[in-house]
Amino acid sequence: MKDIILKAENISKQYRLGEVGTGTLSHDFNRWWHKIRGKENPYLKIGDINDRSTKGTSDYVWALQDINFEVQRGEVLGIIGKNGAGKSTLLKILSKVTAPTTGSIKSRGRIASLLEVGTGFNGEMTGRENIFLNGAILGMTKKEITSKLDEIIEFSGCERYIDTPVKRYSSGMTVRLAFAVAAFLEPEILVVDEVLAVGDAEFQKKAIGKMQDISRGEGRTVLFVSHNMAAVKSLCTRGIVLEHGTIKFDGNIDEALDVYNLNSNEIVTDLKWEIEEAPGNENAKITSIKLRSDKPFFYIENPIEMEIEFVNFVKNQIINCSISIFDSNDNYVLASPNLERDPLAEGTYKSVCTIPENLLNKGQYFFTIILVGNNFEIIAQLDKIVSIELDEQGLYRKEYFGYWGGIVRPYLKWKKMKIDL
């Protein structure tokens, strides 16, 4: 039989737009009048879907609508989706930080949540005092907390500051301590939002390793939200894709990532701006970005050119462009800046970067563009602003058509030599 530790049934969450979040007095009276007459809340029948990119027609919006799923003990569930899809709202409901408009949550055991930097911490109390406070909130005795205290402090790396008030911690230190508390005080369910992204790379690696130990070694359940698809893939066994507040997919994590990438990664190869709306500042602005190839499609075997047009408004200013490339799992593939130091006259310029053939593997790639001025000041940064779908013609494979792994796959030179013995 399934060992279900968490169950969401028909979860929906409705918000009212504008300055008043919960509704007006007349709306509250209307709800009360319907309730005493045994009728349904009239405002549950109205409201737009949770699509932040469109202008709705109602003052009410459904952040979540009809969410149903079960989580088994020891399962690591990744919850993914675009910004505004409802991920954080769902975690707040599961953590009982906020209540659903309709539906119910059934859980067995303690839930520890790491939703925002400093969640559940008292800034005036020291790190040590906050450990005991959080443990008490989770229902642990002082003896149980004391037995875990040294492990928590060591894992957090905040030993030197453990008797300093938390309000003096950096956001990274706060997250380190908060995660250590949530992980080591042995909740049956650990809920982690994107907050881990605040920590440095070393801590993120430690945190993911700890969550793997928690689920695989100790049989506890983890709910994980992140935009780092590589972390989601390495940690999670199952994925839920949210879109506009509803579940688009629930199943195997690899399939979930495919659905998410297919749904969210629109191919954009050419962008232009009028000078008034162009990204930048009073020193310079980017007016167009274009990815181009000699062929009608982007192939591994052909070079790719990134063409960036910009306007310089300041005489004798040093301006350069930089590109960074990411794959569909958010892996940082490479960065390439232009390091020329020649001052420019006022005017319009074109900067072209050539990505050589036989460098990137098949797949989808996203390009971040940075325009840099004097003293390496960032004038404009456009994150993952353009993208390509890279395929291959098979010119170098000949008869071999097996799997060719990796993010990069250059055609390296090989030579065979006969050795006379």
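A salt bridge links Glu392 with Arg409: at least one charged nitrogen is closer than 4.0 Å to a carboxylate oxygen.
Although no hydrogens or angles enter the test, the distance criterion places no donor-acceptor pair under 3.5 Å between the side chain of Asn331 and the main chain of Asp327. Panel note: side chain Asn338, backbone Cys321; no donor-acceptor pair is recorded below 3.5 Å.
Lys248 places a side-chain heavy atom less than 4.5 Å from the side chain of Val259. Proximity of Met306 to Ile369: side-chain heavy atoms (C-beta onward) are separated by under 4.5 Å at one or more points. Two residues are said to be in side-chain contact when any heavy atoms from C-beta on lie closer than 4.5 Å; Phe69 and Leu90 meet this criterion. With a 4.5 Å cut-off on side-chain heavy atoms, Lys13 and Ile67 do not count as touching. Side-chain contact between Asp391 and Lys362 is present, with at least one heavy-atom pair separated by less than 4.5 Å. Considering only heavy atoms from C-beta on, Asn320 comes within 4.5 Å of Arg341 through its side chain. For the pair Ile355/Phe367, a side-chain contact is recorded, criterion being any heavy-atom separation below 4.5 Å from C-beta on. Put simply, the side chain of Leu190 reaches to within 4.5 Å of the side chain of Ile214, judged on heavy atoms.
Going from atom CG of Asn312 over to atom NZ of Lys285 covers 13.5 Å, rounded to the nearest 0.5 Å. Taken from CD1 in Ile385 to CG in Leu291, the straight-line distance is 11.5 Å, to the nearest 0.5 Å. The distance from atom OG of Ser328 to atom CG of Leu257, rounded to the nearest 0.5 Å, is 8.5 Å.
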Name the atoms and distances for all side-chain donor-acceptor pairs under 3.5 Å in residues 152-166, with sequence neighbours left out.
from   : atom 1 : to     : atom 2 : distance (Å)
Ser156 : OG     : Ile152 : O      : 3.4
Ser156 : OG     : Ile153 : O      : 2.9
Ser156 : OG     : Cys158 : N      : 3.2
Asp163 : OD1    : Arg128 : NE     : 2.8
Asp163 : OD2    : Arg128 : NH2    : 3.2

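Other residues, nucleotides and ligands place more than 12 heavy atoms under 6.0 Å from the CZ atom of Phe313. Atom NZ of Lys210 has more than 12 heavy atoms from other residues, nucleotides or ligands within 6.0 Å. Crowding of Glu377 atom CD: a count of heavy atoms from other residues, nucleotides or ligands under 6.0 Å exceeding 12.
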Subject >> From CA spacing to verdict: side chain to side chain contact (heavy atoms under 4.5 Å, CB included), Asn316, Glu346 >> reply: CA-CA 8 Å; Asn316 292 327; Glu346 297 176 49; over 6 Å; no

Subject >> From CA spacing to verdict: salt bridge (Lys or Arg N to Asp or Glu O under 4.0 Å), Glu9, Lys7 >> reply: CA-CA 6 Å; Glu9 294 181 315; Lys7 187 174 185 179; 3.4 Å; yes

Original post:
Lys384 and Asp330: salt bridge (Lys or Arg N to Asp or Glu O under 4.0 Å), yes or no, with the steps?
Top reply: CA-CA 10 Å; Lys384 299 179 184 174; Asp330 207 32; 2.2 Å; yes

Original post:
What do the steps show when you test Arg238 against Asp250 for salt bridge (Lys or Arg N to Asp or Glu O under 4.0 Å), and what is the final call?
Top reply: CA-CA 8 Å; Arg238 177 177 150 223; Asp250 181 355; 2.9 Å; yes

Original post:
Can you list the steps and then say if Glu243 with Lys82 is a salt bridge (Lys or Arg N to Asp or Glu O under 4.0 Å)?
Top reply: CA-CA 7 Å; Glu243 183 181 273; Lys82 291 183 181 180; over 6 Å; no

**OP:** Dump the intermediate steps for side chain to side chain contact (heavy atoms under 4.5 Å, CB included) on Leu334 and Leu359, then the final yes or no.
**Re:** CA-CA 11 Å; Leu334 61 86; Leu359 175 65; 4.1 Å; yes

Original post:
How far apart are the C-alpha atoms of Tyr332 and Ser324, what are their side-chain angles, what is the distance that settles it, and do they pass the side chain to side chain donor-acceptor pair (under 3.5 Å) test?
Top reply: CA-CA 8 Å; Tyr332 200 155; Ser324 297; 2.7 Å; yes

Subject >> Worked verdict on Val97 versus Leu115 for side chain to side chain contact (heavy atoms under 4.5 Å, CB included) >> reply: CA-CA 10 Å; Val97 173; Leu115 303 179; 3.8 Å; yes

**OP:** Could you walk me through whether Asn374 and Gln317 pass the side chain to side chain donor-acceptor pair (under 3.5 Å) test, one step at a time?
**Re:** CA-CA 6 Å; Asn374 288 332; Gln317 183 176 204; 4.6 Å; no

**OP:** Mind running side chain to side chain contact (heavy atoms under 4.5 Å, CB included) on Ser107 and Ile111 for me, showing each step along the way?
**Re:** CA-CA 9 Å; Ser107 62; Ile111 299 177; 3.9 Å; yes

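A donor atom on one side chain and an acceptor atom on the other are found under 3.5 Å apart for Ser113 and Ser95. No hydrogens or angles considered: nothing links the side chains of Glu357 and Asn302 as a donor-acceptor pair under 3.5 Å. Side-chain contact check for Ser293 and Tyr299: no donor-acceptor pair (N or O, by modelled atom type) lies under 3.5 Å.
Between Ser12 and Asp66, the shortest heavy-atom contact is OG-N, 2.9 Å.
The salt bridge (Lys or Arg N to Asp or Glu O under 4.0 Å) pairs that include a residue from residues 305-322 are Arg292-Glu305, Arg292-Glu307, Glu307-Lys350, where partners are two or more places apart or lie in different chains.
Between Phe366 and Phe326, a ring centre-to-centre spacing not shorter than 6.0 Å is recorded.
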